[in-house]
Amino acid sequence: MTPPITVCVEGNIGSGKTTFLKHFKKFPEVRVFDEPISKWRDCQGYNLLDLMYKDPRKWSLCFQSYVQLTMLDLHTKPIVQPIKMIERSIFSAQYCFVQNMRNEGLMEDAQYAVLSEWFDFTTKNLPINLDLIVYLRTDPEVAFKRIAQRGRSEENAIKMEYIQSVHKLHEDWLINNQKHLPCPVLTIDANLELADMAPNYQLCEEKMFQKQKATVAN
Ligand SMILES: Cc1cc2cn([C@H]3C[C@H](O)[C@@H](CO)O3)c(=O)nc2[nH]1
């Protein structure tokens, strides 16, 4: 049995990942996993996402270690379909969000060290094979506007500077390859309005099904 290929959709907050993934739910060959945000909002009754945004210095480690666990669950979950699509990954958790919290002084170095040890161990010892990253690239201004439009309560205090620094870490990783790239990256201009995204959907479909056929062929 050929293992499924895994495609991760990466991008800033408000870059349109959930909307993009919705398009692929119509394919029977594709199993789509949205970000487990419902778990982050209710971990045994605690809304860790809200706690993190309200007091990041106190709750970043707790929140990001739970994010790590829930992402590893998605990466390692067996599926019957030939293609697994995940919103974000254990890699963006570490390279974009955990890194940002450390850079902004919201996480102590010792806490960052513990999360990094977990990241190194799990990515080395667990079967996390990414085959393609789809990077929904947006300008911070576009992402920021969409966050306001979406109106997620926990995100209502997010500042533009936060979106800019998360954007820069995505660019450092996925465009400038300053961090480990686990697989090829397909960069898509996600500034476009939904109505103009059809050609980008096509591009991603072709690339994804092409890769899947290649693994079957081997
Ligand atoms: C992998 C990963 C996803 C992720 C999302 N978030 C935040 C950004 C958004 O406000 C919300 C949903 O993506 O969670 C985070 O702080 N750290 C994360 N790490």
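Note that ligands are numbered from 1 as they come in the structure, with each ligand's atoms numbered from 1 the same way. All values below come from the heavy atoms of this structure, side chains included, with hydrogens, waters and symmetry mates left out.
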Report the nearest protein non-hydrogen atom to [atom]: residue, atom name, distance rounded to 0.1 Å.
| atom | answer |
| --- | --- |
| atom 12 (C) of ligand 1 | E35 OE1, 3.3 Å |
| atom 16 (O) of ligand 1 | F63 CE2, 3.4 Å |
| atom 11 (C) of ligand 1 | E155 OE2, 3.7 Å |
| atom 7 (C) of ligand 1 | Y53 OH, 3.8 Å |
| atom 14 (O) of ligand 1 | L49 CD1, 3.4 Å |
| atom 2 (C) of ligand 1 | V67 CG1, 3.6 Å |

Notebook entry, point to check: Can you check side chain to side chain contact (heavy atoms under 4.5 Å, CB included) on L186 and Y135, steps first, answer last?
Noted result: CA-CA 6 Å; L186 171 66; Y135 176 29; over 6 Å; no
Check: Do V114 and Q111 come close enough that some side-chain heavy atom pair is under 4.5 Å?
Finding: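 Result no, sub-4.5 Å side-chain heavy-atom pair not found.
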Check: Given side chains that start at C-beta, do those of K39 and L69 come closer than 4.5 Å, heavy atoms only?
Finding: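 Heavy-atom side-chain distance check fails, nothing below 4.5 Å.
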As an exercise, identify every atom of ligand 1 less than 4.0 angstrom from a heavy atom of [X].
| X | answer |
| --- | --- |
| A93 | 1 (C), 19 (N) |
| S89 | 1 (C) |
| I37 | 12 (C) |
| R88 | 3 (C), 4 (C), 5 (C), 13 (O) |
| M52 | 16 (O) |

Next item on the list: Measure the acute angle between the ring planes of F24 and Y201, then classify it against the limits of 30° and 60° as parallel, tilted or perpendicular.
Entry: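 Aromatic pair F24/Y201 classed perpendicular.
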Notebook entry, point to check: Parallel, tilted or perpendicular: which describes the rings of F27 and H23, with under 30° parallel and over 60° perpendicular?
Noted result: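 Correct class here is perpendicular.
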Notebook entry, point to check: Does at least one non-hydrogen atom of R152 fall below 4.0 angstrom from an atom of ligand 1?
Noted result: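 It does; at least one heavy atom falls under 4.0 Å.
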Check: Contact between C96 and ligand 1, counting heavy atoms under 4.0 Å?
Finding: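 No heavy atom of C96 comes that close to ligand 1.
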Next item on the list: Run the ring-centre check on Y95 versus F119 and record whether the distance is less than 6.0 Å.
Entry: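 Close enough - the centres of the two rings lie under 6.0 Å apart.
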Item checked: Aromatic centroids of Y53 and F63 separated by under 6.0 Å ->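 No: the rings miss the under 6.0 Å criterion.
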Note to self: Between W173 (side chain only) and H180 (backbone N and O only), is there a donor and an acceptor less than 3.5 Å apart?
What the structure shows: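 Checking the backbone N and O of H180 against the side chain of W173, a donor-acceptor pair under 3.5 Å is found.
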Notebook entry, point to check: Should we count CZ of F209 as having more than 12 external heavy atoms under 6.0 Å?
Noted result: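 Atom CZ in F209 is crowded, with more than 12 foreign heavy atoms closer than 6.0 Å.
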Item checked: Crowding at NZ, K58 (>12 non-hydrogen neighbours, <6.0 Å) ->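 It does not: K58 NZ has 12 such atoms or fewer within range.
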Check: Just going by heavy-atom distances, which of W40, Y95, F97, F91 is nearest to atom 15 (C) of ligand 1?
Finding: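 Nearest option to atom 15 (C) of ligand 1, by heavy atoms: F97.
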Check: For Q64 and ligand 1, does the shortest N/O to N/O distance drop below 3.5 Å?
Finding: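 By distance alone, the answer is yes.
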